[in-house]
Every structure is written in structure tokens, then in C-alpha cells.
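These notes are about the structure you will find just below.
Below, chains carry the letters A, B, ... as their sequence lines are ordered, and counting in each starts from 1. For the numbers below, each heavy atom of this structure counts, side chains included, while hydrogens, waters and symmetry mates do not. Computed from a prediction, not measured in an experiment: that's the story for all the values here.
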Amino acid sequence: MTEDLLKVEGLKAYYQMNYFGVEREVRAVDDITMTIRKNEIYGIAGESSSGKTSFIKVLAAAIRPPMRIVAGSVKYDFKNGPIDVATATPAQIEAVRWRHLSYIMQGSMSVLNPVRRIGRTFEDFARRPLGLSGEAYRARVLNHLERLKLPADVLNAYPHELSGGMRQRVTIGLATVCHPEFVIADEPTTALDVVVQKEVLGLIREIQQDMGSSVVFVTHDMTVHANMADRVGIIYAGRLVEEGPTRQMFFAPKHPYTAHLVASLPRIGDTAQRPALEGRPPSLASPPSGCRFHPRCPLAIDKCKTDVPPLIQVANDHRSACWRWQDVEPLVVPQRHEVMA
Amino acid sequence: MSTLLDVRNVSKRFTMGGLLSRKTVDAVQDASLSLSAETPEIFTIIGESGSGKTTLARMILGLELPTDGEISFRGKTVSHRVGRQERLEFMANVQPVFQNPFEAFNPLKRIDRYLESTAKRFLKLRHRDDLDAAMDSALQKVGLSIAEVRGRFPHEMSGGQLQRAAIARALIPNPPLLVADEPVSMVDASLRMSIVNLLKSLRDDLRVSVIYITHDLATAYYISNRLIIMQRGRIVEMGDARTVLDNPEHPYSRLLKASVLSTEDAGSGKLITDPGMAERATALIRQPGRLVARPDGRSVRVYERA
């Protein structure tokens with residue numbers, strides 16, 4: 001059994017707003033309990049407004065009002081000592097940021113300062129956490145760029161001079177130059193086309209294996225999870241509804257939402273009609289009662305409307321929050337067909 | 001057989017910079033395609049960013065004028081500057097659907113206002129009841145109704161609903177052709193198939209032809225009849241969607257297909273593309289080559305050996 005790097009317990013993070021005396025509460029993260037192990041890639045899937053971005057903001061210790069942690073703990077076990085994000089002081093968070101806890105952001109164009117050369121941006125990010133002086137710092141950065149297959153002269157370039165794929169590699173470089181133990185990647189490949197996407201994904205995996213760190217990979221694209229993640233967790237309406245090893249999630253899902261996500265993927269070589277899920281994602285300001293998926297669920301029974309299903313162990317290392325998990329059938333039986341040479 | 005849309009040897013060159021430092025970019029080079037008026041089809045344009053697929057679509061919509069070549073719609077040339085009346089008539093026949101529904105709608109206006117102004121302009125309707133009927137029939141086609149949409153602002157609807165509303169707006173003048181530029185790339189996974197299935201039903205039930213622009217090979221395989229694959233402004237492969245994607249011939253098409261992530265070996269973590277494949281795909285990028293027809297109906301760009 002491998003060690004855990006992160007333990008999230010009963011985490012509730014709400015947006016609490018008070019406009020002119022009218023109180024509004026959005027339960028973006030509602031009672032999530034999970035662990036992330038050392039040296040694994042954990043994929044988080046969920047649609048927009050499912051609360052996945054709020055959840056990773058908490059993991060990244062980037063909690064700003066109106067968001068507030070209402071209950072629960074987010075405990076990291078870093079080499080320089082354990083830290084609980086829910087109670088840590090800004091100085092404690094500052095001490096782990098970039099060195100231990102790092103973040104690959106979405107949209108490389110808005111991350112990189114357009115009027116600064118890449119080298120300057122590297123200095124802003126990495127100089128202080130690395131704590132190296134002149135020569136040693138430069139050698140470290142150049143060494144790292146080489147590993148990312150970037151030429152050394154990108155340091156003198158402005159962001160607009162680079163292609164989308166190169167910019168994304170630069171942001172991966174920024175996030176990993178300090179060899180952090182925990183990296184959060186928030187949709188790092190959404191804006192890229194297929195060829196570049198595969199390259200960038202391969203690179204993230206390679207770097208992760210080199211450094212032996214844990215990566216939380218967030219995207220709504222299930223095909224990316226299939227190829228990247230060791231384990232996948234599905235977030236629906238602020239709750240973790242299923243998590244398990246990638247292969248089991250794809251071939252033996254135990255939650256109807258996961259089954260649907262997997263079945264709706266079109267594939268080359270197969271033209272069978274794909275089902276589309278009816279209805280819309282629930283509003284987190286007034287979520288449905290009971291199981292939050294019940295209004296869209298094909299398996300819903302009366303119990304689902306009133307009682308919240310707990311996240312229970314359904315197989316080895318595999319948890320699902322569904323009253324009828326035994327009745328969930330994989331909608332598409334996967335079949336191997338000839339992969340083109 | 002009459003043609004609905006005929007694109008003949010169209011090229012577009014953009015010039016950047018001033019007199020002293022002039023650079024030119026050939027966004028589209030010598031592209032030809034045609035759609036038949038009798039059988040509606042989904043015609044897909046595939047390519048990476050910068051391959052010229054959006055420029056080609058903008059020329060078809062009349063938003064850019066081609067540098068060379070000619071585009072004609074129902075036998076009438078549209079690729080030159082035309083008067084307002086002629087332009088409106090063309091716009092009623094060829095309607096766009098854009099990538100991001102949140103940007104396509106004005107966030108400060110109600111969605112029905114946008115639908116209403118389209119109905120007023122293209123159908124020349126004046127009366128409240130006629131307008132409502134036109135809007136409702138278009139919304140019914142995409143699985144919405146006027147009651148769901150009336151009085152709501154874009155932020156009050158989900159991405160999938162909004163993209164449906166955008167398609168409904170495009171359908172108001174009953175166009176025979178829709179140009180959809182990456183209509184699903186900003187839509188969530190669970191709602192993506194509902195949009196793709198909708199495009200399919202537009203073709204099968206309403207006999208609307210769709211030019212579907214995407215870089216997603218899997219949905220292209222799922223819905224399209226014919227497709228073209230573009231690389232750096234040139235069409236490198238063209239033909240029946242199933243024939244081409246089942247067994248691509250051009251090195252770039254092969255690279256694209258090999259780069260599609262599959263769920264078949266989920267969990268095994270295979271992410272290596274054969275480096276020789278990428279090399280072969282880009283080796284001939286500067287050479288013009290020529291499109292050659294193959295017996296199975298497709299055309300492939302071949303290059304003279306140097």
C-alpha cells in the first residue's frame with residue numbers, strides 16, 4: 001500500500017454572499033472525502049458548474065472570499081512537514097507554494113505576462129522558491145527546459161512569439177521547475193488540437209514519473225482521463241459520486257452518470273447512435289433533494305428523491321454513491337478493434 | 001444534379017505589416033469543394049489550428065473575400081462585393097453557428113430579443129403572433145420551446161441549451177445550409193452528444209446541409225458524410241468520411257488519427273506517437289503537390305519525389 005500525500009475529509013466549501021441583506025449560499029463543494037497517494041495521477045472529471053474548479057481551488061490553497069471552508073480538512077503530508085490548508089496561515093501556505101504545491105493553469109495566454117519575456121516570468125516564479133543564486137539557478141532552468149524539449153532561447157521570447165503548444169509547455173515548465181511533490185493541472189490541454197494535445201499529455205506524464213510527484217488532473221474530456229489517470233474521480237453537483245481505478249471506471253462503472261459519460265464518447269470505427277443525457281446540470285444554489293443526479297437518472301427510484309446515497313466501497317479500491325450501483329450496466333461493451341499501425 | 005454550394009479553386013492570402021516589412025500568409029490555397037442541392041449532407045472540415053479551416057468557412061459565409069477563385073451559391077457568384085439586398089438574401093440562406101455560445105449572445109439582452117431580430121430581418125414579419133410562431137417553430141426543431149426561452153438571459157441557461165438556442169436562431173430563415181464552426185468544443189461532455197445528435201437530425205429530418213468544422217475526429221466520424229482534411233491551408237485528403245478515417249492515406253491524416261486518444265486501452269497510459277509519423281507528416285509541408293483521385297472515391301495530395 002502506497003502512502004497518502006493528501007487527505008481530504010468531509011470538505012465543505014461554500015460561496016456565501018450577502019447582497020443588501022439577501023443571503024445566498026452556493027454549495028460548490030459539499031462533503032467530499034478522498035485521498036491522493038504519492039506518485040499517482042488522479043483524474044477529476046465533471047461538467048462546468050459541477051464545483052470541480054472550486055474543489056481544486058481549495059486543494060491549491062487559493063481560497064478567496066466569498067468562498068469559505070465551512071467544514072472539513074485538507075491535509076497534505078509534505079516532506080517539510082504536514083499542513084492543513086483549511087487552517088494554515090498565509091505564511092505557511094507561502095512556504096509550500098511552488099516548492100511543494102504547484103499548479104498548471106488553463107489558458108497559457110492569460111497566465112504568461114504578454115509584456116514580459118519568458119525568462120523574466122521564470123524569475124518571478126522560480127527564483128525565490130528555488131533559493132539558488134545566479135549560475136546555479138540558470139543551470140537549473142536550462143536543464144529543465146531541455147527536459148521539456150524547449151530550446152534555450154525561449155527565455156528571450158515573448159509569449160506571442162510562441163505557438164500554443166510551446167506556450168503550454170512553458171507553463172508546465174513554470175509549474176514543475178521546483179520539482180513539486182503535488183501538481184494540480186486544470187484543463188491544461190483544452191485549447192490545443194489533437195496532435196499537440198497528445199504531445200503535452202505525454203510530457204506531463206513523463207515529468208510526473210521523473211519527479212515521482214502526484215498530479216491531480218482536471219478535465220471534462222473522458223478520453224484524456226482514459227490515457228492519463230491512474231485513478232479517476234467523478235464530481236457531480238459538488239459531490240464525489242464515484243472514484244476508482246481508470247480501467248474499472250471505463251469498463252465497469254458503478255454510477256449511472258459515469259456509465260453515461262463513458263457511453264456517450266464517439267469512436268472512430270463505430271457509428272452506432274450515441275445516447276445524450278437529457279436535462280441540465282443542477283444549480284448549486286438550490287440542488288435537488290436526495291441524490292443530486294436523480295432528475296436525470298435513468299435508474300432513479302423513489303428513495304433517490306429523498307435519501308442521499310453515501311459513497312460506499314463497491315469493489316477493491318472503487319467507491320460509488322448510488323443506491324442502485326448493483327444495477328448499473330456499462331452501456332457500451334468495449335471491443336478491441338484493429339489499431340492502425 | 002444542381003449544386004447548392006460550389007467552391008472553386010479558392011485561395012486566401014493575408015498580408016501583414018507595412019510597406020517595408022511585408023509578410024504574407026497563405027491561409028487557404030486552392031481549395032475546391034461542392035455540395036449538392038438534392039441530398040443534404042454533413043460536410044466536415046478537419047484541421048489543426050492554423051490550418052485555414054476557419055478562414056475557409058468565413059469565405060463561405062461571405063465574411064472574407066477570396067484572393068483567388070470563386071464561390072457560388074445556387075449558381076450565383078457570392079464571392080465579390082454585393083449590394084445590401086443581395087447580401088441579405090444570401091444571409092437568409094447560409095447561416096452560421098459559432099464556437100462559444102456565451103460569446104455569441106449579448107449578455108445584457110434577453111435571448112428572445114436576438115431570435116426576434118433575426119425573424120424580423122429575414123422573414124420580414126411585423127406582428128407579435130407571427131414572430132412568436134416563427135421563433136417557436138425554430139426552437140421546437142432543436143428541442144426547446146418559446147416558453148423556456150422567453151425573458152431569459154444567456155447566463156441563466158446551460159451551455160448546451162444556449163448552443164441549441166444559437167442553432168434555433170440560425171434555423172429561423174429556414175436556410176438550406178448551416179456553417180457550424182466548432183459548435184461542440186465549448187460544450188460539456190454530457191451535453192456534447194445532444195448537439196451532435198441535433199445536427200444529425202437536422203440533416204435527416206429537415207434536410208439542412210451542414211458544414212461542420214472541427215478538430216475532433218471522433219465526432220466527425222460519427223456524423224459526417226464527406227470530409228476534407230486540411231494542413232497549412234491545403235486540402236490533403238478529401239472523400240467519404242468512413243473511407244478516409246478508417247484508413248487514412250496522407251501522412252498528415254494518419255498522424256491525426258494516431259493522435260486521437262482512445263478509451264480502449266484505458267488505464268494503460270500509452271501516450272507515445274511514433275516520431276517518424278510526425279516527421280513524415282510535416283516533411284512535405286512546403287511542397288504544393290497535387291490532389292489525385294483514388295478508385296475508392298477519395299482524393300489524396302501526392303508529392304513528386306525530389
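For E279(B), the CD atom sits in a loose shell: 12 or fewer heavy atoms of surrounding residues, nucleotides or ligands are nearer than 6.0 Å. In this structure, R147(A) places its CZ atom where more than 12 heavy-atom neighbours from other residues, nucleotides or ligands lie under 6.0 Å away. Around atom CZ of R226(B), more than 12 heavy atoms belonging to other residues, nucleotides or ligands sit under 6.0 Å away. Residue D205(B) places its CG atom among more than 12 non-hydrogen atoms of other residues, nucleotides or ligands, all under 6.0 Å distant. Annotation for E161(A): atom CD counts as buried by contact number, over 12 foreign heavy atoms lying within 6.0 Å. Other residues, nucleotides and ligands place more than 12 heavy atoms under 6.0 Å from the CZ atom of R294(B).
With a threshold of 4.5 angstrom between heavy atoms, E199(A) does not approach chain B through any atom at all. Only the side chain of Q161(B) comes within contact range of chain A, judged by heavy atoms closer than 4.5 Å. Heavy atoms of E182(B) lying under 4.5 Å from chain A are absent altogether. Contacts of L201(A) with chain B are made by both backbone and side-chain atoms, with heavy-atom separations under 4.5 Å. Residue V196(A): no heavy atom, backbone or side chain, is found under 4.5 Å from chain B.
Of all non-hydrogen atoms in I268(A) and A218(B), the two that sit nearest each other are CG1-CA, 4.1 Å.
Here the straight-line distance linking atom CG of D193(A) with atom CG of D216(B) works out to 11.5 Å at 0.5 Å rounding. Note that NZ of K198(A) and CG of L255(B) are 9.0 Å apart. Values are rounded to the nearest 0.5 Å. The structure places OG1 of T219(B) at 11.0 Å from CG of L265(A), a figure rounded to the nearest 0.5 Å. The distance from the CG atom of D221(A) to the CZ atom of R192(B) is 6.0 Å, given to the nearest 0.5 Å. Note that the CE atom of M228(A) and the CG atom of L261(B) stand 9.5 Å from one another [nearest 0.5 Å].
At a threshold of 4.5 Å between non-hydrogen side-chain atoms, the residues R267(A) and V260(B) do not count as touching.
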